[in-house]
Amino acid sequence: MSFSKTLTDWYSVNKRQLPWRQTTNPYYIWLSEIILQQTQIKQGLPYYENFVTTFPTVFDLANANEAEVLKLWQGLGYYSRARNLHFAAKYVVNELDGVFPDTYKELLKLKGVGDYTASAIASICYNEVTAVVDGNVYRVLSRYFGIDTPINSSKGDKEFKALAQELIDKKDPATFNQAVMEFGAVQCKPKSPDCTVCPFVSSCYAFGKHVISELPVKIKAAKVSKKYFNFLVFLTPNHTTVLEQRQGKGIWQNLYQFPLIESNKPLTQKQLELELKDLDIIKEQTYELSLYNKDEIVHKLSHQHLYTKFWIVDLDSNIKEGTPIAALEDFPVPILIGNFIEAFNF
DNA sequence: AAAGCGGGGCG
DNA sequence: CGCCCAGCTTT
């Protein structure tokens, strides 16, 4: 039996029921694919439900403010996905009369849509024969065929894409693509897959050679850097604080946070007080400074570890541009800030 | 080609 | 603690 047939037979028996499998509406498929980039289904599912409920059509999404979109995305990470999602929705509405692109090539023009996502939408919604290559596909193909080209290299990119394109079922690319991903997620898992119940066991290279745990090959990432974050939580007599929007290019772009003093080493209270003198908010003010968390909160990103202290700055008088404490929940914030807001007794 | 970008879950 | 997740964009 062919690779494709074995795979799709497995899929017909083992596939999970998921909301985006009940539709071929490109708007919903697009939403699901963006949400699921680098994200496990269990984590992305509630966000998908929220998005389709809040923004039932691409017009609703396009008409929203970016902050509303980011708020709904809060906690999911990789926030450029949300910004690009919103940008692309406006593009579809304003430039394409709300009609989604219907080819791989045109889909690629949407911000946030790369090779994988364009292939997924084109195949699932329009039956275009273009193979998806995601983390699951890398794993399944590298093991079954014994390919040790690093998956995070340009050579690996081309090699696996070409192989998947050979294997894909030309008559039903949508089912094949979803089947290979589902197979990778459910059966050919990263750790300790149960090969005794695998339909490919008799012909799988990695199983035969006992190299399951060595495939796929991936070039290791550089070591993570450490940063020291000092957030200033201002409190005023009339129950406001200060929240600012992150600018520039780094992490959490366009999300909100408490005023931040970043340093290369941990700051003592004395060192921080010196920094405070330069702040506009503090000028001419008397205040009382206290440290909220004695032990630093370590927030781990893919390649940064953020050693975080929250400093409470109790001001004697009110300020002009304060954010009412009651309005805090309306702003999109990084989960690190969100956790603090939830825990702190304002 | 390499770096940057989140947060959660698992062994 | 390291690794992985329905990857993309920028440098």
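So that the names make sense, note that chain A is the first sequence line, chain B the second, and so on, each numbered from 1. These values consider heavy atoms only, across backbone and side chains, with no hydrogens, waters or symmetry-generated copies. Keep in mind the model is a prediction, meaning the values are calculated, not measured.
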> Whole angstroms only, please: what is the NZ-C1' distance between A:Lys189 and C:dA6?
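In whole Å, C:dA6 C1' and A:Lys189 NZ are 18 Å from each other.
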> In whole Å, I'd like the distance from the NZ atom of A:Lys223 to the P atom of B:dG4.
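These atoms are roughly 15 Å apart.
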> Any luck finding a side-chain donor-acceptor pair between A:Ser80 and A:Gln253 under 3.5 Å?
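There is no such pair between these side chains.
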> Would you mind telling me which of B:dC5, B:dC10, B:dG7 lies closest to the side-chain atoms of A:Lys42?
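Among the listed nucleotides, the one closest to the side chain of A:Lys42 is B:dC10.
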> Rounded to whole angstrom units, what separation is found between the CG atom of A:Leu301 and the P atom of B:dG6?
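Distance, rounded to whole Å: 7 Å.
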> B:dG6 and C:dT10: how far apart are their P atoms, nearest whole angstrom?
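Pairwise P distance, B:dG6 against C:dT10, rounds to 14 Å.
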> Please tell me if A:Tyr78 has a side-chain N or O lying less than 4.0 Å from either OP1 or OP2 of C:dC5.
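Negative; the distance criterion is not met.
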> Would you indicate whether the side-chain heavy atoms of A:Val113 and A:Glu33 approach each other to under 4.5 Å?
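Result no, sub-4.5 Å side-chain heavy-atom pair not found.
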> Let me know, please, whether A:Ile151 or A:Leu110 comes out on the 5' side of the other along DNA chain C by nearest nucleotide.
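Counting from the 5' end, the first nearest nucleotide belongs to A:Ile151.
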> Under the 3.5 Å rule, do the base of B:dG6 and the side chain of A:Ser302 count as making a donor-acceptor pair?
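Flag set: donor-acceptor pair detected.
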> Check this for me: A:His239, atom NE2, are more than 12 non-hydrogen atoms of other residues, nucleotides or ligands nearer than 6.0 Å?
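12 or below, so no.
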> If you restrict it to nitrogen or oxygen atoms, what contacts under 3.5 Å exist between nucleotides 2-4 of chain C and the protein, and what is each distance?
residue : atom : partner  : partner atom : Å
C:dC3   : OP1  : A:Lys220 : NZ           : 3.4

> Would you say A:Asn264 has more than 12 foreign heavy atoms packed within less than 6.0 Å of its CG?
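Counting other residues, nucleotides and ligands, CG of A:Asn264 stays at 12 neighbours or fewer.
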> Which sits closer to the 5' end of DNA chain B, A:Arg81 or A:Lys158, going by the nucleotide each is nearest to?
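Residue closer to the 5' terminus by nearest nucleotide: A:Lys158.
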> Verify the neighbour count for atom CD of A:Glu321: are there more than 12 heavy atoms of other residues, nucleotides or ligands below 6.0 Å?
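Counting other residues, nucleotides and ligands, CD of A:Glu321 stays at 12 neighbours or fewer.
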> Say you pick atom C1' in C:dA6 and the same atom in B:dG11; how far apart are they, in whole Å?
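The same atom, C1', in both gives a distance of 23 Å.
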> Please give, in whole Å, the distance from C:dA6 P to A:Tyr116 OH?
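The distance from OH of A:Tyr116 to P of C:dA6 comes to 9 Å, rounded to the nearest Å.
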> If I take atom CG in residue A:Asp194 and atom C1' in nucleotide B:dG11, what distance separates them, rounded to the nearest angstrom?
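Taking atom C1' of B:dG11 as the reference, CG of A:Asp194 is at 16 Å.
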> Regarding A:Asp115, tell me which of base, sugar-phosphate or nothing describes its non-hydrogen contacts under 4.0 Å with the strands shown.
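Since only primed, P, OP1 and OP2 atoms lie under 4.0 Å of A:Asp115, the category is sugar-phosphate.
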> Look at the side chain of A:Gln43 against the base of B:dG7 and say whether a donor-acceptor pair falls under 3.5 Å; ignore hydrogens and angles.
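Check passes, donor-acceptor contact within cut-off.
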> Strictly below 4.0 Å, heavy-atom distances to any atom of DNA chain B: list the hits from residues 242-260 of chain A, or just say none.
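Of all residues in residues 242-260 of chain A, the ones placing a heavy atom under 4.0 Å from DNA chain B are A:Gly250, A:Ile251, A:Trp252.
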> How are the rings of A:His210 and A:Phe207 set relative to one another: parallel (under 30°), tilted (30 to 60°) or perpendicular (over 60°)?
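Judged by the thresholds at 30° and 60°, the geometry between A:His210 and A:Phe207 is tilted.
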> Roughly, in whole Å, what's the span from OH in A:Tyr79 to P in B:dC5?
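Rounded to the whole Å, the gap is 13 Å.
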> Just wondering, more than 12 heavy atoms not from A:Lys277 lying within 6.0 Å of its NZ?
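Incorrect, the count does not exceed 12.
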> Rounded to whole Å, how long is the line connecting atom CG of A:Asn152 with atom P of B:dA3?
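So the two atoms are 11 Å apart, to the nearest Å.
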> Take A:Phe55 and A:Leu31 through the test side chain to side chain contact (heavy atoms under 4.5 Å, CB included) and record every step on the way to the result.
CA-CA 10 Å; A:Phe55 306 120; A:Leu31 267 182; 5.9 Å; no
> Go through C:dC1, B:dG7, B:dC10 for me and flag the one nearest to the A:Pro334 side chain.
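For the A:Pro334 side chain, the nearest candidate turns out to be B:dG7.
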> If you take any heavy atom closer than 4.0 Å to DNA chain B, which residues from residues 5-39 of chain A end up in contact?
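Per residue number, the list reads A:Gln38, A:Thr39.
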> Say whether A:Tyr116 and A:Gln37, considering side chains only, have a donor N or O and an acceptor N or O under 3.5 Å apart.
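The answer is no; no qualifying pair exists.
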> Report yes or no: does A:Tyr47 contribute a side-chain atom to a donor-acceptor pair with the main-chain N or O of A:Gln74 at less than 3.5 Å?
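Yes: the side chain of A:Tyr47 pairs with the backbone of A:Gln74.
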> Regarding A:Asn50 and A:Thr53, do their side chains bring together a donor and an acceptor under 3.5 Å, going by distance alone?
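Distance-only check fails for A:Asn50 and A:Thr53.
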> Find the distance A:Trp73:CH2 to C:dC8:P and express it as a whole number of Å.
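So the two atoms are 13 Å apart, to the nearest Å.
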> Kindly state whether the ring of A:Tyr126 and the ring of A:Tyr104 have centres lying under 6.0 angstrom apart.
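No.
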> Less than 4.0 angstrom between a side-chain N/O of A:His299 and OP1 or OP2 of B:dG7, yes or no?
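So the side chain of A:His299 is within the cut-off, an N or O lying under 4.0 Å from OP1 or OP2 of B:dG7.
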> Take atom CZ in A:Phe87; do more than 12 heavy atoms of anything else shown fall under 6.0 Å from it?
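No, CZ of A:Phe87 has 12 or fewer neighbouring heavy atoms, counting only those of other groups under 6.0 Å.
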> Under 4.0 Å between any heavy atoms, over every strand shown, what does A:Val137 touch: base, sugar-phosphate, or nothing? Just pick one.
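Touches nothing.
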